[in-house]
Number of protein chains: 2
Amino acid sequence: MTEHLTIGAFARRTGLSLKALRRYDESGLLVPDAVDERTGYRYYSPAQVNRARQISLLRRVEMPLAQIADLLATSDPVAASETLLGWWAEQERLLTHRRGTVDYLLDQWRRAPEEPFQVEVRSAPERTLATITSRVLQADLVATLVENVHRLREHLTASEAVVTEEWWAIYHGVVSPDSDGPLEVCVPFEGLVPPVGRIAIRIEEGRTEAYAPISAAQCSYPRILHAYDAVTDWVRRHGEPTGPPREVYRVPWPEDPTAYVADIALPYREAPW
Amino acid sequence: MTEHLTIGAFARRTGLSLKALRRYDESGLLVPDAVDERTGYRYYSPAQVNRARQISLLRRVEMPLAQIADLLATSDPVAASETLLGWWAEQERLLTHRRGTVDYLLDQWRRAPEEPFQVEVRSAPERTLATITSRVLQADLVATLVENVHRLREHLTASEAVVTEEWWAIYHGVVSPDSDGPLEVCVPFEGLVPPVGRIAIRIEEGRTEAYAPISAAQCSYPRILHAYDAVTDWVRRHGEPTGPPREVYRVPWPEDPTAYVADIALPYREAPW
DNA sequence: CTTGACCTTCCCCGTGGGGGAAGCACCAGA
DNA sequence: TCTGGTGCTTCCCCCACGGGGAAGGTCAAG
């Protein structure tokens with residue numbers, strides 16, 4: 001049982017190709033037990049079959065070689081299991097997000113005449129805001145919004161400021177699985193409030209903004225992208241944006257999914273043309 | 001609005017990188033509206049933004065460029081939707097199968113001392129078989145088994161042959177998401193039966209086979225791989241395989257998941273050593 | 001000894017880009 | 001009109017993860 005296997009025999013036993021085995025040798029992931037110095041022939045030991053099969057399986061689920069190396073370097077099987085599980089959870093998360101993107105594309109094609117969005121213009125006054133800025137991936141977006149609004153409201157009411165239902169989120173960067181903002185959650189108020197921890201207090205200048213009201217049903221990804229598209233297109237036709245887009249929530253979340261829940265707003269300046 | 005956009009402006013509007021845009025130009029997937037012959041500058045039209053954004057979204061879900069080209073060449077949005085949906089279903093199917101592979105690996109690490117399989121040897125007599133051979137991917141495996149056994153039994157009983165509960169499936173090739181057999185479903189019988197349609201009648205020689213009995217719980221992917229491993233290892237230690245492995249079902253499917261349901265069998269010859 | 005199967009290295013191919021160098025092109029301000 | 005700075009061009013090399021195949025050396029059985 002201590003005999004050596006040639007690369008071909010080893011390939012048949014493990015389900016790996018010759019090309020793959022040579023590459024894994026090169027990269028150090030799976031080095032033959034012995035290499036004939038004269039001929040360069042690779043000889044594998046039967047004891048290596050197990051590792052090779054694990055590599056084969058991990059490649060079948062498309063784990064990168066570098067991560068396979070890390071994983072198999074973990075001696076503790078419990079830790080290895082957790083690493084693998086974590087990686088796999090990430091794969092499932094990615095798939096879930098992609099499903100949303102596919103849905104959006106299907107939306108565009110299927111009901112081609114998507115109900116149009118009313119884009120309006122309004123002048124927003126200067127306001128004093130309490131804000132929390134964070135980098136967040138799409139998966140954690142809703143939780144982050146809810147949590148930060150709650151923290152801001154708690155701080156403001158504890159400071160005896162006057163707050164309303166109104167709040168908004170400014171997307172300084174794209175929030176997607178590949179990109180994490182930054183995202184600034186804002187609650188406007190009246191009063192005198194100190195900053196604390198990650199809560200900043202700042203003045204937001206007055207501005208003109210184009211906005212589209214959306215319903216609760218339209219507010220979830222990916223349908224919300226249609227509203228962004230509509231506002232962005234409108235602004236491009238009438239002028240140019242002067243800042244990042246935002247979602248403005250002005251009422252409590254309604255029961256009725258067709259009821260108004262928020263505005264997608266984009267500050268802009270009219271074109272000189 | 002009929003102005004041309006430089007590649008940089010177009011990139012910002014569409015979320016595609018300069019590199020990507022140049023590559024899409026090269027490959028014909030997204031050719032600029034105009035190219036200055038003298039300078040080589042690419043100029044895109046605003047009307048191309050839509051196509052570019054679709055490409056961007058499809059790339060985010062990792063659809064290959066060639067398939068994106070096909071998809072966007074489809075003029076009928078209904079047909080395009082169906083193509084996209086079909087492709088997406090395939091992605092989900094792949095993920096489901098990969099989850100099985102991951103589970104198998106976790107199995108190996110977590111309960112390291114997997115209950116060992118009893119590998120026995122038996123001599124199988126020559127039999128007359130009715131068989132259906134088909135190429136099938138892992139996803140359709142169970143349905144194919146059930147359906148083909150049913151068709152074979154129907155034909156045999158209609159021909160007044162004597163059949164028992166026993167049947168088996170011979171895996172002439174690996175059945176996985178990447179590989180589709182061939183798979184031969186066999187029902188042994190006594191009597192005189194003509195072939196019909198895809199049903200073949202053949203003699204199977206007697207042979208010696210190593211086998212491991214498994215329970216219903218062990219029969220589903222990926223746990224069943226452990227049984228295959230056990231038999232294959234045993235055979236390698238005692239001789240060499242003389243044919244493809246099979247799953248032999250000898251009793252009706254039991255209620256109790258821990259009850260015996262099948263054998264994983266591998267014909268083999270004793271080693272000359 | 002021959003022959004066929006098996007092994008070696010080497011290079012090019014693919015996909016979908018990223019990084020960066022070298023060299024023009026464009027536009028605004030002085 | 002010159003001069004930046006920015007933007008655009010091509011070109012080449014790089015990544016992962018191999019597949020395909022050429023050219024040539026090796027092994028083992030008949």
Side-chain angles (χ1 to χ4, degrees), chain A residues 3-44 52 54-72 87 91 94 98 101 177-179 272, chain B residues 3-44 52 54-72 87 91 94 98 178-179 272:
Chain A
E3 302 175 55
H4 281 163
L5 305 166
T6 63
I7 195 172
F10 194 69
R12 281 188 293 276
R13 298 234 166 134
T14 59
L16 291 165
S17 72
L18 303 183
K19 289 281 188 185
L21 284 172
R22 295 199 184 104
R23 176 166 291 274
Y24 300 163
D25 177 9
E26 236 181 320
S27 70
L29 177 59
L30 183 61
V31 178
D33 194 46
V35 177
D36 186 316
E37 288 199 3
R38 190 175 56 87
T39 67
Y41 274 35
R42 293 169 177 85
Y43 295 101
Y44 293 84
Q54 290 183 13
I55 294 172
S56 172
L57 290 171
L58 289 167
R59 278 304 299 150
R60 276 183 214 175
V61 300
E62 307 224 315
M63 180 179 278
L65 292 182
Q67 293 195 44
I68 294 178
D70 288 352
L71 193 61
L72 296 187
W87 177 82
Q91 302 308 302
L94 279 180
R98 287 176 189 167
T101 304
D178 317 311
S179 166
Chain B
E3 302 175 54
H4 281 163
L5 305 166
T6 63
I7 195 171
F10 193 69
R12 282 187 292 277
R13 296 231 167 138
T14 60
L16 291 164
S17 72
L18 303 184
K19 290 282 189 184
L21 284 172
R22 296 198 182 106
R23 175 169 290 273
Y24 300 163
D25 178 8
E26 237 181 319
S27 69
L29 177 59
L30 183 61
V31 178
D33 194 45
V35 176
D36 186 316
E37 288 200 4
R38 189 173 58 85
T39 66
Y41 272 37
R42 294 170 178 84
Y43 294 101
Y44 293 83
Q54 290 183 12
I55 294 172
S56 172
L57 290 171
L58 289 167
R59 277 303 301 150
R60 276 183 215 176
V61 300
E62 306 226 314
M63 180 178 279
L65 292 182
Q67 292 194 45
I68 294 178
D70 288 353
L71 193 62
L72 296 187
W87 177 82
Q91 303 309 300
L94 279 180
R98 287 177 188 165
D178 318 309
S179 166

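Note that the structure is a prediction, hence the values are computed from the model and not measured. Residue numbers start from 1 in every chain, and the chains themselves are labelled A, B, ... in the order their sequence lines are given, proteins ahead of strands.
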K.L.:
Report the distance from atom CD1 of I7(B) to atom C1' of dT10(D), rounded to the nearest whole Å.
P.N.:
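It is 12 Å, rounded to the nearest whole Å.
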
K.L.:
Output the rounded distance in Å from CD1 (I68(A)) to P (dA16(D)).
P.N.:
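Those two atoms, CD1 and P, are 13 Å apart.
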
K.L.:
I need the full list of salt bridge (Lys or Arg N to Asp or Glu O under 4.0 Å) pairs touching residues 10-38 of chain B, with sequence neighbours left out, sorted by first then second residue.
P.N.:
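Those involving residues 10-38 of chain B are D25(B)-R42(B).
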
K.L.:
Separation of Y41(B) atom OH from dC27(C) atom C1', in whole Å?
P.N.:
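Going from OH in Y41(B) over to C1' in dC27(C) covers 10 Å.
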
K.L.:
Side chain to side chain contact (heavy atoms under 4.5 Å, CB included) with A52(A): which residues, sequence neighbours excluded?
P.N.:
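By the side chain to side chain contact (heavy atoms under 4.5 Å, CB included) rule, A52(A) matches F10(A), T14(A), L16(A), L30(A).
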
K.L.:
Could you check whether any side-chain heavy atom of Y43(B) comes within less than 4.5 Å of a side-chain heavy atom of T6(B), counting everything from C-beta outward?
P.N.:
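They are in side-chain contact.
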
K.L.:
Atom OH of Y43(B) to atom C1' of dG7(D): distance rounded to whole Å?
P.N.:
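Between C1' of dG7(D) and OH of Y43(B): 10 Å.
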
K.L.:
Please give, in whole Å, the distance from dT9(C) C1' to E26(A) CD?
P.N.:
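So the two atoms are 10 Å apart, to the nearest Å.
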
K.L.:
Residues from residues 29-37 of chain B sitting under 4.0 Å of DNA chain D, heavy atoms only?
P.N.:
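Result for residues 29-37 of chain B: none.
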
K.L.:
Which pair of non-hydrogen atoms, one from G15(A) and one from S56(A), has the smallest distance, and what is that distance?
P.N.:
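So the two residues come closest at O-OG, 4.2 Å.
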
K.L.:
Does a side-chain N or O from R42(A) land closer than 4.0 Å to OP1 or OP2 of dT9(C), or not?
P.N.:
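Checking dT9(C) against R42(A), a side-chain N or O does come within under 4.0 Å of OP1 or OP2.
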
K.L.:
If you pin R38(A) and R22(A) to their nearest nucleotides in DNA chain D, which one's is more 5'?
P.N.:
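This one resolves to R22(A).
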
K.L.:
For each nucleotide in nucleotides 12-17 of chain C, reading 5' to 3', give B when a protein heavy atom comes within less than 4.0 Å of its base, S when such contact involves only the sugar-phosphate, and - otherwise.
P.N.:
----BB

K.L.:
With a 4.5 Å heavy-atom cut-off, do L58(B) and W87(B) have their side chains touching?
P.N.:
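Not touching, per the 4.5 Å side-chain cut-off.
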
K.L.:
Measuring only between side-chain heavy atoms, which start at C-beta, is Y44(A) closer than 4.5 Å to P32(A)?
P.N.:
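A side-chain contact under 4.5 Å exists here.
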
K.L.:
At what distance, to the nearest 0.5 angstrom, does CG of D70(A) lie from CG of L29(A)?
P.N.:
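Rounded to the nearest 0.5 Å, the CG-CG separation comes to 10.0 Å.
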
K.L.:
What is the separation between atom CG on D25(B) and atom P on dC8(D), rounded to the nearest whole Å?
P.N.:
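Result: 14 Å.
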
K.L.:
Separation of Y44(B) atom OH from dG7(D) atom C1', in whole Å?
P.N.:
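After rounding, the reported distance stands at 14 Å.
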
K.L.:
If only side-chain N and O atoms of T6(A) are considered, is one of them under 4.0 Å from the OP1 or OP2 phosphate oxygen of dC6(C)?
P.N.:
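The answer is no; no side-chain N or O of T6(A) sits under 4.0 Å from OP1 or OP2.
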
K.L.:
Does any pair with a residue in residues 16-41 of chain B pass ring-ring contact (aromatic ring centres under 6.0 Å, His included), and if so which ones, sequence neighbours excluded?
P.N.:
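Checked against ring-ring contact (aromatic ring centres under 6.0 Å, His included) - neighbours excluded - no pair reaches residues 16-41 of chain B.
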
K.L.:
dC26(C), dC8(D), dT26(D): which one has an atom nearest the side-chain heavy atoms of T39(A)?
P.N.:
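Comparing dC26(C), dC8(D), dT26(D) against the side chain of T39(A), the answer is dT26(D).
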
K.L.:
List for me each residue that meets salt bridge (Lys or Arg N to Asp or Glu O under 4.0 Å) alongside R98(B), sequence neighbours excluded, and say none if there are none.
P.N.:
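R98(B) satisfies salt bridge (Lys or Arg N to Asp or Glu O under 4.0 Å) with E62(A) only.
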
K.L.:
Could you give the CG-to-C1' distance, from L18(B) to dT9(D), as a whole number of Å?
P.N.:
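One finds 11 Å between C1' of dT9(D) and CG of L18(B), rounded.
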
